[in-house]
Amino acid sequence: MSWQDSVRTDAYLPWLRALLAVAGGLLLAALFSQGTLFARLAWWVDDSLQRRFAVELPLDRVVVVDVDEASLQRLQARLGAWPYPRDAYAQAHRYLVARGARAVAYDILFAEPRAGDGAFAAALDPRGVLAAAALPYPYPRSTRYLAQLAQVSLFDAQGDAHVAELAHAWPDLTLPLEAFTAPGKARVGVISALADEDGVVRRLATLHLAHGKVVPGFAVAAMLAAEPGPGLSIEERRLRVGERAWPLAADGSIAPRLPANLADLAVIPFFQLLDAADGVPGSAHVGDLVRDRIVFIGSSSAVLGDVALTPAGRFPGLYVNALVSASLHAGEVLRPPRAWLDVALALLALALPAGLASRGVALRPRDIVITLGLGAALFAVAVFGMAVLRQQSHWLFAAVAGISGFGLAVAAWLFALYQEKQRLFYEKAAALEANRLKTEFLNHMTHELRTPITAI
């Protein structure tokens, strides 16, 4: 190799080392992201940030009526054991509507006939929302069921293909009794939640698809009942109900951020609601609590209620529905990840290790420490800033890529030091050998010249 080729190769080495750090960091991050530890670590940090930056919201728009343990005991003599006759709900519904409740959402599956169904069906109106449950397996349905599903649905998958793409598909749905959802009666919302692999509910499916029909989620249906008028629409990957709109992820889900003041949620025991409906003295405050609010009726009982794991903790599903509705009303929804932001984070995480790798033997240990601290500080500020701004991102991928890039930059530096040490070793050996040959030559010449000089 000529000296020109050697100079040209040395000029390319910094770029090659920087490219190695960037490509290696991206490759290692991609491999790590395929494991379960990657997702669990991201969920743990994101949940911690959500709790840390949760804000207090006005919870004066929602109220919970809970069939709790106390209600089960106190209503035993009056209504008998659970399940209660449906005329009790009819009485409660008429009272709530008369006291100005904006909507009444029943977190109870009314799928089987019970005593009092006629009274309950007569009391229901468009302000009522009944629960439907998703089934993970297909079930043969009659034409009557399909007609009911078409009546309670918002969109048709064939006529609104762009909407159907954003709906979560289920093999089947269990609907309330047909008499409860007849025209002019209650709306239907799907209560089934989307849980991640760790069992935590972080996303809300706004739309559900079954048998070619699109049905809203339970919280969305409650908001539609509370704000009749323009209805629901999807505009540029945003779900709009009236004047409020929320950004949708690629799968059509939204990520509501629960409020920090969870303990301020108003909860009314079911027996107090029935007492107020009967005009029992001392229960007049119930009418003030439900006025101009969305009332969620369900159970937190250990036997009857369901429990949901959320980033904010473990709560009854009834309470989660009410809190999600409050978050949606306040606009506390996380924005879905954006490709340009993820690319910017990855470039930010890889820029510093690429600069370190390009310096080669000129790099010093203190430079590595300073750059690592600076990169960590900048990245932490970026992640915390996005948490404050309610912006989701694939920050962990960028972090792993940056850490891997730093490791490869240090490895490249150590390899460059090794090469430099080898070069100095061989240069020293060559110099010593040249010095030995020179000394040997001089000794030989001195010996050869000594004899003739002595003769002369």
Side-chain angles (χ1 to χ4, degrees), residues 57-68 71 75 84 86-110 116 119-132 152 176 180-182 184-189 191 216-232 241-244 259 264-280 282-300 316-330:
L57 300 179
L59 299 180
D60 56 354
R61 185 176 173 80
V62 296
V63 62
V64 167
V65 175
D66 190 0
V67 186
D68 54 5
S71 296
L75 294 176
Y84 296 144
R86 301 259 165 85
D87 50 5
Y89 300 110
Q91 182 184 11
H93 191 89
R94 286 193 295 266
Y95 173 82
L96 293 172
V97 171
R99 293 302 183 274
R102 297 179 64 89
V104 183
Y106 295 88
D107 190 7
I108 303 171
L109 190 60
F110 298 124
F120 188 40
L124 287 172
D125 64 355
R127 279 172 286 189
V129 179
L130 302 182
V152 301
F180 299 159
T181 62
K185 298 300 181 181
R187 297 174 179 267
V188 173
I191 58 174
F218 192 67
V220 176
M223 298 199 70
L224 285 171
E227 299 184 12
L232 182 146
V241 175
E243 298 179 353
R244 292 172 177 80
D264 295 341
L265 179 65
V267 180
I268 303 172
F270 188 60
F271 75 87
Q272 286 190 5
L273 175 61
L274 294 184
D275 288 346
D278 286 338
V280 175
S283 58
H285 67 284
V286 174
D288 297 330
L289 285 175
V290 302
R291 184 174 295 110
D292 203 33
R293 298 194 186 196
I294 301 177
V295 181
F296 289 86
I297 300 179
S299 178
S300 65
L318 171 65
Y319 291 32
V320 172
N321 286 323
L323 293 171
V324 165
S325 179
S327 296
L328 292 179
H329 184 265

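As the structure is a prediction and not an experimental result, all values here were calculated from the model.
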Handout entry: Residues that Asp292 engages under side chain to side chain donor-acceptor pair (under 3.5 Å), provided they are two or more places apart
Key =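 If we apply the side chain to side chain donor-acceptor pair (under 3.5 Å) test to Asp292, skipping adjacent residues, the hits are Arg102.
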
Practice task
Supply the atom-to-atom distance Arg127 CZ to Ile294 CD1, rounded to the nearest 0.5 angstrom.
Solution key: 13.0 Å

Handout entry: For Ser325, all residues meeting side chain to side chain donor-acceptor pair (under 3.5 Å), sequence neighbours excluded
Key = none

Handout entry: Gap separating the CG atom of Asn321 from the CD1 atom of Ile297, nearest 0.5 angstrom
Key = 13.0 Å

Exercise for the section: Check the angle between the aromatic planes of Phe110 and Phe120 and answer parallel, tilted or perpendicular using the 30° and 60° thresholds. Expected result: perpendicular

Problem - Contact check, side chains of Ser327 and Leu57, non-hydrogen atoms, under 4.5 Å - result: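 Ser327 vs Leu57: side chains touch.
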
Problem - Non-hydrogen side-chain atoms of Val64 and Val295 separated by less than 4.5 Å - result: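 Val64 does not reach Val295 side chain to side chain.
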
Practice task
Measure the spacing between NE2 of His329 and CZ of Arg61 and express it to the nearest 0.5 Å.
Solution key: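 CZ of Arg61 is found 3.5 Å from NE2 of His329.
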
Practice task
For Ala276 and Val286, work out which heavy atoms get closest and say how close.
Solution key: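 Residues Ala276 and Val286, closest heavy atoms: CB-CB, 3.8 Å.
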
Practice task
Determine, stepwise, if the pair Tyr95 / Leu274 fulfils side-chain contact (heavy atoms from CB on, under 4.5 Å).
Solution key: CA-CA 9 Å; Tyr95 173 82; Leu274 294 184; over 6 Å; no

Problem - Side chains of Phe218 and Val324 in contact at under 4.5 Å (non-hydrogen atoms) - result: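 SC-SC contact between Phe218 and Val324 ruled out.
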
Problem - Value rounded to 0.5 Å, distance of CZ in Phe271 from OG in Ser283 - result: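 Going from the CZ atom of Phe271 to the OG atom of Ser283 covers 10.0 Å.
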
Exercise for the section: For this output row, return yes or no: ring centroids of Tyr319 and Phe296 closer than 6.0 angstrom. Expected result: no

Exercise for the section: Determine whether Asp60 and Arg293 make a side-chain contact, defined as any pair of heavy atoms from C-beta on separated by less than 4.5 Å. Expected result: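 Yes, side chains in contact.
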
Practice task
Determine, using ring centers only, whether Tyr106 and Phe180 are less than 6.0 Å apart.
Solution key: no

Fill in the blank from the handout: Between Pro259 and Leu59 the two heavy atoms that sit nearest each other are CG-CD2, 4.2 Å

Handout entry: Audit row: Val104, Val129, side-chain contact (heavy atoms from CB on, under 4.5 Å) steps and yes/no
Key = CA-CA 6 Å; Val104 183; Val129 179; over 6 Å; no

Exercise for the section: Sequence neighbours left out, what passes side-chain contact (heavy atoms from CB on, under 4.5 Å) with Asp68? Give chain and number order. Expected result: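 Applying side-chain contact (heavy atoms from CB on, under 4.5 Å) to Asp68 gives Asp66, Ala70, Ser71, Pro269, Ser300.
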
Handout entry: Rounded distance (nearest 0.5 Å) linking atom CD1 of Ile191 with atom CG of Leu109
Key = 6.0 Å

Handout entry: Test item: Lys185 side-chain N/O and Pro126 main-chain N/O as donor-acceptor pair under 3.5 Å
Key = no

Exercise for the section: Mind listing the closest non-hydrogen atom pair of Leu273 and Val65 along with its distance? Expected result: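 Shortest heavy-atom separation between Leu273 and Val65 comes out as CD2-CG1, 3.7 Å.
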
Practice task
Output, in order, the C-alpha distance, side-chain angles, deciding distance and verdict of salt bridge (charged side-chain N to carboxylate O under 4.0 Å, His left out) for Glu227 and Arg187.
Solution key: CA-CA 13 Å; Glu227 299 184 12; Arg187 297 174 179 267; over 6 Å; no

Handout entry: Distance (rounded to the nearest 0.5 Å) between Leu96 CG and Ile268 CD1
Key =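 Taking CG in Leu96 and CD1 in Ile268, the distance rounds to 8.0 Å.
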
Practice task
Taking the side chain as every heavy atom from C-beta outward, state whether Val188 and Pro176 have any pair of such atoms under 4.5 Å apart.
Solution key: yes

